[in-house]
A.B. asks: 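Sharing a structure here in C-alpha cells format.
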Amino acid sequence: MFAEDNRAFLAGQYDVRRSPERALAAQAGNQLLSDVGMKVPMLPCHFRIAAAEHAALERATRLLADAQDKVLAHLCATLTADELVAMFEVRPEMAAHVDWPALPSSGLRMLRADIIPTDTGYWFCELNHFSGVGGGEAYHAAHLHAEVLGRPVTGISPFRQLALQYVAECRRAGLTRIVVLDTPGHRAQGYGQHLLLQQYVRLLAADIELAYHDELTYPAQWLEPAEAGRTLVHRLVTFDDTTDNGAFLARLRACGATLSCMFEAELKMHRRWFALLCDPAHHHLLTAEELAAVEQYVPHTAVVGPGDIDAMVADKDRLVFKRSYLYGGKGVLAGDQHTADELRDLLTRDDATWYAQRRVHASTVGLPGPDGSPVPYHLVLGMYLYGDRTSGLVVRGAADSPVVNGSRSAGMTWAFVV
C-alpha cells in the first residue's frame, strides 16, 4: 500500500550522499510556496503512486461524486426547502442565497476527495466540492524539489486541469473575463491567491481578461449586466470567510455573472453526506458500481442522535466524530483522544449535529525530524477532480496529530503517478 510502497523511495531521497542537494531541494520547495502566498510548509520529500492504484482512486472519486449527485437530486425532489435547510443545518443568512430549484444541477464539477491511506487499503474521509479548495501548490513545490534533488519526475498540475475547465467554459458560454475573488480576511490566512491558476489561464487563453479582486476592490462597472454577463468568478472563499454573509456573491449572481460555485458547494461538503451514502434507504438510487464504491471506500458513518450518545461514547476508541461548517481540521474529534466525560460534554454542549464515523488509522512514514532522527508522520491524500481530469495526489502529513490538515501544523507535498 501507499506508505509501504514509498519507504525505499523516500530512503533514496534522504541518502546522506545527497545531503547538500537535499537541503537545497527543501529550501526551494518552501520558497516556491512562500512566493505564491502559502504559509503551509512543504514536507521535504515527494511520493509516488502506482498507476493502477491511482486509477482505482480516480474511479472511486467519480463514482462517489456521481452517487452523491443522485442522492442530492432525490432529496431535492422529495423534501421542501425548509426540510433541506433543517437537514443540512443551513443558517438563515446562507439559506436566503441558495437557489433551491437549481440545487440538483449545480454547475461545474470541481472537488478534492480526501483519502486516508492505511496499511491494507484506502478510505475516503471527505468530498470537498469547492473551486477554492487548497493544496494544489504542493504539486509545483514537489516537482521543483525533485528536480533540485536530481530525481526529476513528470506529472500534471491540478491548476492546469482547472484552467482548462475554465477556458472551456468561457468558450462555451461566450465569457471573456475571469475574476479570482478573495476577501481580505481569507488572504491574511496564508492560503494564497491561486497565482499558479492565474498563470495557467494567461498561458492557455491570453485573450481572456484576468483579474484578482475582493469585494472592496471589485470594479463597480463590472456589476453592470453587460459586463457581469461576460465574467466568470473563481470563488476562493467559503461562506464563513465572507464579510457580508454572502451578500456580494449573491449580488454578482443577480447581476448575471457566472460563479464557479455558489453555496450549493457548502451543502455538498456537509459532513452528513457520508451518513447519507451509508444509509440503506438511499441505496436503491445507486448503480451496482456506485454502491460497491461506497462499501469499499466509505467508513461507516451515522448521525449521532440524542439516544445514541451513551453507546457511541462507550465505543469512542473506534470512532471519530465530526460536525459541519468547520474547516481546516476543526470540528473533528478522535474518540480515543478524549475521556468519556470530555467527549460527552463536547457532543452535547450545543445543538449542533455530530456524525460518528468508523475510525481508520492512517499509515505513517518516518521523515527526519529537527535532529535528523525519523519521526512518524500521519498521512492524508487528496484527489483533485476538475470535470473529468485528475492529476496525481496532494499528500499532507502531520507528526503531532492524527487529524491531518494543512492548517493544523501539517506539511504538504505530492504523489506523482508512475
A.B. asks: Determine the minimum heavy-atom distance between Trp222 and Val179, stating which atoms define it.
C.D. replies: CZ3-CG2, 3.8 Å
A.B. asks: Could you tell me whether the side chain of Thr217 reaches within less than 4.5 Å of the side chain of Tyr212, counting heavy atoms only?
C.D. replies: no
A.B. asks: Cut-off 3.5 Å, side chains only: do His194 and His234 have a donor facing an acceptor?
C.D. replies: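 Side-chain D/A pair, His194 to His234: present.
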A.B. asks: After noting the C-alpha distance and the side-chain angles of Leu33 and Met412, does the key distance pass the side chain to side chain contact (heavy atoms under 4.5 Å, CB included) rule?
C.D. replies: CA-CA 10 Å; Leu33 292 177; Met412 63 181 185; 3.8 Å; yes
A.B. asks: Which heavy atom of Asp182 sits nearest to which heavy atom of Glu215, and what is that distance?
C.D. replies: O-OE1, 3.5 Å
A.B. asks: Determine, stepwise, if the pair Arg22 / Leu149 fulfils side chain to side chain contact (heavy atoms under 4.5 Å, CB included).
C.D. replies: CA-CA 6 Å; Arg22 187 179 74 194; Leu149 199 60; 4.2 Å; yes
A.B. asks: Does the side chain of Tyr377 reach to within under 4.5 Å of the side chain of Thr364, using non-hydrogen atoms?
C.D. replies: no
A.B. asks: With the side chain counted from C-beta on, respond yes when Val365 and Arg7 share a heavy-atom pair under 4.5 Å apart, and no when they do not.
C.D. replies: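 Yes. Closest side-chain heavy atoms under 4.5 Å.
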A.B. asks: Any idea which heavy atoms bring Pro117 and Leu379 closest together, and the distance?
C.D. replies: CD-O, 3.4 Å
A.B. asks: Are any non-hydrogen side-chain atoms of Phe321 and Leu346 less than 4.5 angstrom apart?
C.D. replies: no
A.B. asks: For the atom pair CG (Leu64) and CZ (Arg59), what is the distance rounded to the nearest 0.5 Å?
C.D. replies: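 It comes to 10.5 Å.
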A.B. asks: Measure up the Tyr139 and His143 rings against each other and bin them: parallel (under 30°), tilted (30 to 60°), perpendicular (over 60°).
C.D. replies: tilted
A.B. asks: Does Arg187 come within less than 4.0 Å of Asp241, counting only side-chain N to carboxylate O?
C.D. replies: no
A.B. asks: Determine, for Glu266 against Arg235, whether the closest basic-nitrogen to carboxylate-oxygen distance falls under 4.0 angstrom.
C.D. replies: yes
A.B. asks: Return yes if a side-chain donor-acceptor contact under 3.5 Å exists between Glu58 and Thr390, otherwise no.
C.D. replies: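 The answer is yes; a qualifying pair exists.
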A.B. asks: Counting C-beta onward and ignoring hydrogens, is there a side-chain heavy-atom pair between Leu393 and Phe416 closer than 4.5 Å?
C.D. replies: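 No, every pair of side-chain atoms sits at 4.5 Å or beyond.
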A.B. asks: Side-chain contact test, heavy atoms from C-beta onward, threshold under 4.5 Å: evaluate it for Phe9 versus Val418 and give yes or no.
C.D. replies: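 A side-chain contact under 4.5 Å is absent here.
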A.B. asks: Run the ring-centre check on Tyr355 versus Trp273 and record whether the distance is less than 6.0 Å.
C.D. replies: no
A.B. asks: Which donor-acceptor pairs under 3.5 Å do side chains of residues 47-55 form with protein atoms, sequence neighbours excluded?
C.D. replies:
unit_1: Glu53; atom_1: OE1; unit_2: Tyr122; atom_2: OH; d: 2.3
unit_1: His54; atom_1: NE2; unit_2: Gly392; atom_2: N; d: 3.1

A.B. asks: Output a table of donor-acceptor pairs, distance under 3.5 Å, between side-chain atoms of residues 299-311 and any protein atom two or more places apart or on a different chain; print 'none' if there are none.
C.D. replies:
unit_1: Thr301; atom_1: OG1; unit_2: Pro299; atom_2: O; d: 2.8
unit_1: Thr301; atom_1: OG1; unit_2: Gln357; atom_2: NE2; d: 3.1
unit_1: Asp308; atom_1: OD2; unit_2: Gly305; atom_2: N; d: 2.7
unit_1: Asp310; atom_1: OD1; unit_2: Arg344; atom_2: NH1; d: 2.6

A.B. asks: Looking only at non-hydrogen atoms, find the nearest pair between Gly135 and Tyr384 and report the distance.
C.D. replies: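 Shortest heavy-atom contact: C-OH, 3.0 Å.
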A.B. asks: Taking 4.0 angstrom as the limit, do Asp317 and Arg359 come out as a salt bridge?
C.D. replies: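 Judged by the 4.0 Å cut-off on N to carboxylate O distance, Asp317 and Arg359 do not form a salt bridge.
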A.B. asks: Roughly how far, to the nearest 0.5 Å, is the CG atom of Leu291 from the NE2 atom of His284?
C.D. replies: 12.0 Å
A.B. asks: As an exercise, state the distance from CD of Gln161 to CZ of Arg389, rounded to the nearest 0.5 Å.
C.D. replies: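 CZ of Arg389 is found 6.0 Å from CD of Gln161.
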A.B. asks: Name the one of Phe239, Phe88, Phe130 that satisfies ring-ring contact (aromatic ring centres under 6.0 Å, His included) with Phe263?
C.D. replies: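 When ring-ring contact (aromatic ring centres under 6.0 Å, His included) is applied between Phe263 and each of Phe239, Phe88, Phe130, only Phe239 qualifies.
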A.B. asks: Answer yes or no: is there a side-chain heavy-atom contact under 4.5 Å between Leu72 and Glu264?
C.D. replies: no
A.B. asks: Is it true that His270 and Glu89 share a donor-acceptor pair across their side chains at a distance under 3.5 Å?
C.D. replies: yes
A.B. asks: Which atoms form the tightest heavy-atom contact between Thr61 and Met383, and what is the distance?
C.D. replies: OG1-CG, 3.5 Å
A.B. asks: Regarding Thr183 and Asp214, do their side chains bring together a donor and an acceptor under 3.5 Å, going by distance alone?
C.D. replies: no
A.B. asks: Please examine the side chains of Ser157 and Tyr200, heavy atoms only from C-beta on, and report whether any two atoms are closer than 4.5 Å.
C.D. replies: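 Touching, per the 4.5 Å side-chain cut-off.
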A.B. asks: Salt bridge between Asp279 and Arg272, side-chain N to carboxylate O under 4.0 Å?
C.D. replies: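 Here Asp279 does not pair with Arg272 in a salt bridge, since their nearest N and O are not under 4.0 Å apart.
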A.B. asks: Which value, rounded to the nearest 0.5 Å, describes the distance between Leu249 atom CG and Met262 atom CE?
C.D. replies: 5.0 Å
A.B. asks: Check this for me: does any side-chain nitrogen of one of Asp350 and Arg323 sit under 4.0 Å from a carboxylate oxygen of the other?
C.D. replies: yes
A.B. asks: Rounded to the nearest 0.5 Å, how far apart are CG of Leu252 and OG1 of Thr231?
C.D. replies: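 Result: 8.5 Å between the selected atoms.
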A.B. asks: Are Asp207 and Arg171 within salt-bridge range, i.e. N to O under 4.0 Å?
C.D. replies: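 Yes.
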A.B. asks: With a 4.0 Å cut-off on N to O distance, would you call Arg271 and Glu126 a salt bridge?
C.D. replies: yes
